[in-house]
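Since the structure comes first, as structure tokens, the remarks are kept for the end.
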Amino acid sequence: MSTAQQPDPRDRPARLAVGVVGAGRVGPVLAASLQLAGHRPVAVSGVSDASRRRAAQMLPDVPLVPPAEVLQRADLVLLTVPDDTLPGLVEGLAETGAVRPGQLLVHTSGRYGAKVLDPALRAGALPLALHPAMTFTGSAVDVQRLAGCSFGVTAPDELRLAAEALVIEMGGEPEWIAEENRPLYHTALALGANHLVTLVAQSMELLRAAGVEAPDRMLGPLLGAALDNALRSGDGALTGPVARGDAGTVAAHVAELRAHAPQTVAGYLAMARATADRALARGLLKPELAEDLLGVLADGAPGTPGTPGPQGTEGDAG
């Protein structure tokens, strides 16, 4: 085995001083990942106590400074703030002269493409939109999860290679998203990931109510298999009483939810109707069984005839 000393990544050319504006769950993780690739975190900004603690854990010895000072110190600035905050932040930084010509300005919002950075572009910055398609905890485990993670990349054509190179250095896989498709792209991710968390949490609560001591252990293998099957086969992976057309079972489900978790009924009915539509289109649900099933779903919905509506009123037949 060779004992020759490997070159330090920090000795590579074109290493960048990295700054983070917004020490939420994403920014410090991406900066730590870039540090592993040889770049040098030099400054971070954060307002809340949680963000300051997170910055100290993920980026020890990196000074905490105001956003404008982050831009003064960094060649590459990660703008990792909430979507609704991003446009105002960019405009403010550009108006105050904090943006330097030639500075790489990267935001991680899924909703926006590169155009939200136009005020900084006019000030000479190089705009990149790099959105990691992953949920973050804000801890070191996220750095490992970036390996193989897809990033939604949007940037001017002349910066495409630079954007893709940064993603690859973080261990990710770049996926080019056109500017006009960013809202649809982000909607798709939120529909899958965010709603999945809600569904799993509701399922765990119901299992606990049914006396299951470790609902996470029970659900883990089931949901893992369901996710794997769905990714492989799409609608072909649909199973369960809705896909089979078991109207009586679905009616029993609705009754149990009304008795034990009424706040989940609307979501159950909406997902069951969507599942029935997809199962019908795929040919998994037989039309003769679908009629009774859809009748159960309609009868269970607030606002249908004979069903109590809001504030205990009868539903509107219209």
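Quick caveat, the model's predicted, so the values are computed rather than measured. The residues of the chain are indexed from 1 along the displayed sequence.
- Scanning all heavy atoms of the two residues, the minimum distance from Glu164 to Pro174 falls at CG-CB, 3.8 Å.
- Counting only distance, with no hydrogens or angles, the side chain of Asp142 and the backbone of Gly138 share a donor-acceptor pair below 3.5 Å.
- For Ser33 (side chain) and Val143 (main-chain N/O), no donor-acceptor pair under 3.5 Å exists by modelled atom type.
- Taking the charged nitrogens against the carboxylate oxygens, Asp84 and Arg111 do have a contact shorter than 4.0 Å, which makes a salt bridge.
- Taking CZ of Phe151 as the start and CD of Glu173 as the end, the distance is 10.0 Å to the nearest 0.5 Å.
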- For side chain to side chain contact (heavy atoms under 4.5 Å, CB included), just list the numbers for Leu166 and Leu76, CA-CA rounded to whole Å, side-chain angles, deciding distance to a tenth of an Å, and then say yes or no. CA-CA 10 Å; Leu166 284 172; Leu76 165 63; 4.1 Å; yes

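- Going from atom CG of Leu284 over to atom OG1 of Thr239 covers 10.0 Å, rounded to the nearest 0.5 Å.
- A 4.5 Å side-chain heavy-atom check between Pro156 and Pro127 finds at least one atom pair inside the cut-off.
- With hydrogens and angles disregarded, a donor-acceptor distance shorter than 3.5 Å links the side chain of Gln103 to the backbone of Arg100.
- By the rule that hydrophobic residues join a cluster once side-chain heavy atoms approach within less than 4.5 Å of another member, Val106 and Val26 end up as members of one cluster.
- Within the 4.5 Å cutoff, no side-chain heavy atoms of Val65 are placed close to those of Ser45.
- Of the possible polar contacts, one joining the Thr96 side chain to the Gly92 backbone as a donor-acceptor pair under 3.5 Å is found.
- Not one N or O on the side chain of Glu179 forms a donor-acceptor pair closer than 3.5 Å with the backbone of Thr154.
- No continuous path of ILVMFWY side-chain contacts below 4.5 Å connects Val90 to Leu128, so the two sit in separate hydrophobic clusters.
- Between Arg15 and Glu169 a salt bridge is recorded (basic side-chain N to carboxylate O distance below 4.0 Å).
- Cluster partners of Leu219 are Leu196, Val200, Met204, Leu207, Val212, Met218, Leu222, Leu223, counting Ile, Leu, Val, Met, Phe, Trp and Tyr whose side-chain heavy atoms approach within less than 4.5 Å, directly or via other members.
- Across all non-hydrogen atoms, the minimal contact from Thr249 to Pro241 is CG2-CB, 3.8 Å.
- For Arg282, the salt bridge (Lys or Arg N to Asp or Glu O under 4.0 Å) test picks out no residue, with sequence neighbours left out.
- Grouping the Ile, Leu, Val, Met, Phe, Trp and Tyr side chains by contacts below 4.5 angstrom, directly or via other members, places Leu126 apart from Leu117.
- A distance of 5.0 Å separates CH2 of Trp176 from CZ of Arg160, quoted to the nearest 0.5 Å.
- Between the His39 side chain and the Leu16 main chain, a donor and an acceptor come within less than 3.5 Å of each other.
- Side-chain contact, Tyr112 with His107: no donor N or O sits under 3.5 Å from an acceptor N or O.
- In this structure Arg244 satisfies the salt bridge (Lys or Arg N to Asp or Glu O under 4.0 Å) test together with Asp246, sequence neighbours excluded.
- Closest non-hydrogen pair, Gly245 versus Leu293, comes out as CA-CD2, 4.4 Å.
- Judged as a side-chain hydrogen bond (donor to acceptor under 3.5 Å, both in side chains), the pairs with a partner in residues 208-233 (not counting sequence neighbours) are, in order, Asp228-Arg232.
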- Item | Chi angles and distances behind the side chain to side chain contact (heavy atoms under 4.5 Å, CB included) call for Leu79, Thr108 | CA-CA 7 Å; Leu79 303 179; Thr108 58; over 6 Å; no

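- Between Leu78 atom CG and Leu34 atom CG the span is 6.0 Å, to the nearest 0.5 Å.
- The heavy-atom pair separating Ala163 from Val153 by the smallest distance is CB-CG1, 3.7 Å.
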- When you look at Val44 and Val70, which way does the side chain to side chain contact (heavy atoms under 4.5 Å, CB included) test go after all the steps? CA-CA 6 Å; Val44 60; Val70 172; 5.7 Å; no

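- Taken from OG in Ser139 to CZ in Arg145, the straight-line distance is 7.0 Å, to the nearest 0.5 Å.
- Closest approach of Leu189 to Ala133, counting heavy atoms only: CD1-CB, 4.0 Å.
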- Query: Hey, mind stepping through Tyr268 and His253 against ring pair (Phe, Tyr, Trp, His ring centres under 6.0 Å) and telling me if it holds?
  - Reply: CA-CA 9 Å; Tyr268 179 94; His253 287 179; 5.8 Å; yes

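- Between the side chain of Thr275 and the main chain of Met271, a donor-acceptor pair closer than 3.5 Å is present.
- Ile168 and Met170 fall into different hydrophobic clusters, where Ile, Leu, Val, Met, Phe, Trp and Tyr are joined by side-chain heavy atoms under 4.5 Å apart, directly or via other members.
- Between the OG atom in Ser109 and the CG atom in Leu86 there is a gap of 6.0 Å [rounded to 0.5 Å].
- Without hydrogens or angle criteria, Thr187 side chain to Pro183 main chain gives a donor-acceptor distance under 3.5 Å.
- With hydrogens and angles ignored, the 3.5 Å screen pairs a side-chain donor or acceptor of Arg182 with a backbone N or O of Gly152.
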- Stepwise side chain to side chain contact (heavy atoms under 4.5 Å, CB included) check, Val77 with Leu104: CA-CA 6 Å; Val77 180; Leu104 283 166; over 6 Å; no

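- With sequence neighbours excluded, no residue forms a salt bridge (Lys or Arg N to Asp or Glu O under 4.0 Å) with Asp157.
- Donor-acceptor pairing under 3.5 Å is lacking for the side chains of Arg25 and Thr137.
- Here the closest non-hydrogen pair linking Ala74 and Val18 is CB-C, 3.9 Å.
- Cluster membership for Leu146 and Leu130, using ILVMFWY side-chain heavy atoms within less than 4.5 angstrom, is shared.
- In this structure Arg278 satisfies the salt bridge (Lys or Arg N to Asp or Glu O under 4.0 Å) test together with Asp235, sequence neighbours excluded.
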